[in-house]
Amino acid sequence: MGRKSLKETRRLEIIKVFYQVAKKEGYENTSIAKIAKVMDINPSLIIHYFETKEGLTYELIDHILDRYLLIYTIKNKGKAKLEDLQGTIEMLFSKKWNLLFDDGLFYTFYALAFREKKIKLKYKHILDALRNGLALMIEQCNEQDITNVENPQVTADFIFVLVDGAYFYLSMESDKKAYLDRLAYYKQKAYDALSISPLKTASAPAC
């Protein structure tokens with residue numbers, strides 16, 4: 001049991017270093033030898049766990065999904081409440097969400113999906129899992145009369161179309177104010193689709 005835990009810990013450590021090296025030097029310029037050098041280990045150890053760079057890539061994409069799915073946290077046990085749904089929308093249209101995975105690597109892997117069927121299937125799995133998670137949250141809110149969304153699955157899909165399109169477009173925007181203004185606009189469209197009010201943030205205390 002302990003040996004298996006140690007193995008999984010080491011595998012995750014390698015995946016994280018792979019991500020950092022690829023983020024810094026670019027995916028095409030990243031090799032098992034470079035990862036091993038950063039970790040100060042023998043390249044054969046990485047090969048023992050993953051066999052090839054492609055194997056590492058598949059594992060990293062799976063790790064991305066695990067990170068993305070962390071947005072679906074319900075504060076109170078049981079069904080999602082309004083604040084959970086609002087919090088999810090806030091997270092989706094935030095810098096924090098965009099920073100979960102480097103844009104350059106995300107789109108590099110996305111491009112690879114058109115050449116490698118396995119990566120395409122993994123990306124499809126990520127996108128479906130995110131949409132299904134949001135749809136489930138909307139369904140739970142519908143059941144409690146918090147929302148009245150006619151088709152949760154279609155609405156969840158629309159919101160993620162907004163998210164995907166927003167970040168692709170905004171990745172080209174260098175003006176910080178314009179970036180934030182457009183992101184706020186897209187976020188409001190998501191709230192409109194759900195017919196709920198935006199999450200109220202605590203106001204600064206009066207002087």
### Task
Flag the pair K34 / N29 as yes when at least one side-chain heavy-atom distance between them is below 4.5 Å, and no otherwise.
yes
#### Entry: N132 side-chain N/O to D128 backbone N/O, donor-acceptor pair under 3.5 Å
yes
#### Entry: Closest non-hydrogen atom pair, L105 against A22
CD2-CB, 3.7 Å
### Message
Salt bridge or not between K187 and E90? Use side-chain N to carboxylate O under 4.0 Å.
### Response
yes
### Query
Who are the salt bridge (charged side-chain N to carboxylate O under 4.0 Å, His left out) partners of K176, not counting sequence neighbours?
none
### Task
Please examine the side chains of L85 and I146, heavy atoms only from C-beta on, and report whether any two atoms are closer than 4.5 Å.
no
### Message
For Y167 and L183: C-alpha separation, side-chain torsions, deciding distance, then whether side chain to side chain contact (heavy atoms under 4.5 Å, CB included) applies.
### Response
CA-CA 8 Å; Y167 287 121; L183 195 60; 3.9 Å; yes
### Query
Are more than 12 heavy atoms from other residues, nucleotides or ligands located less than 6.0 Å from atom CD of Q144?
yes
### Task
May I ask you to establish whether R10 and Y49 are in a cation-pi arrangement, using a distance under 6.0 Å from NZ or CZ to the six-membered ring centre and at most 45° from the ring axis?
no
### Task
Could you tell me the separation between the CG atom of L112 and the CD1 atom of I119, rounded to the nearest 0.5 Å?
4.5 Å
### Task
For T155 and P152, indicate whether the former's side chain and the latter's backbone hold a donor-acceptor pair under 3.5 Å.
no
### Task
Using a strict 4.0 Å threshold on nitrogen-to-oxygen distance, state whether K16 and E13 make a salt bridge.
no
### Task
Would you please indicate if the ring centroids of F106 and Y123 are separated by under 6.0 Å?
yes
### Query
Can you find a pair of side-chain heavy atoms, one from L199 and one from I89, that are under 4.5 Å apart?
no
### Task
Supply the atom-to-atom distance L12 CG to E8 CD, rounded to the nearest 0.5 angstrom.
8.5 Å
#### Entry: D175 side-chain N/O to A178 backbone N/O, donor-acceptor pair under 3.5 Å
yes
### Query
Less than 4.0 Å between a side-chain N and a carboxylate O, is that true for R11 and D62?
no
#### Entry: Beyond-backbone contact of Y58 with E116, side-chain heavy atoms, under 4.5 angstrom
yes
### Message
Run the side chain to side chain contact (heavy atoms under 4.5 Å, CB included) test on I159 and L194 for me, step by step, so that the C-alpha distance in whole Å, both residues' side-chain angles and the decisive distance to 0.1 Å come before the verdict.
### Response
CA-CA 9 Å; I159 290 172; L194 295 167; 3.9 Å; yes
### Task
Using a strict 4.0 Å threshold on nitrogen-to-oxygen distance, state whether E173 and R182 make a salt bridge.
no
### Validation row: F109, Y27 side chains within 4.5 angstrom (heavy atoms)
yes
### Query
With distance as the sole test, does N142 use its side chain to make a donor-acceptor pair with the main-chain N or O of V149 at under 3.5 Å?
yes
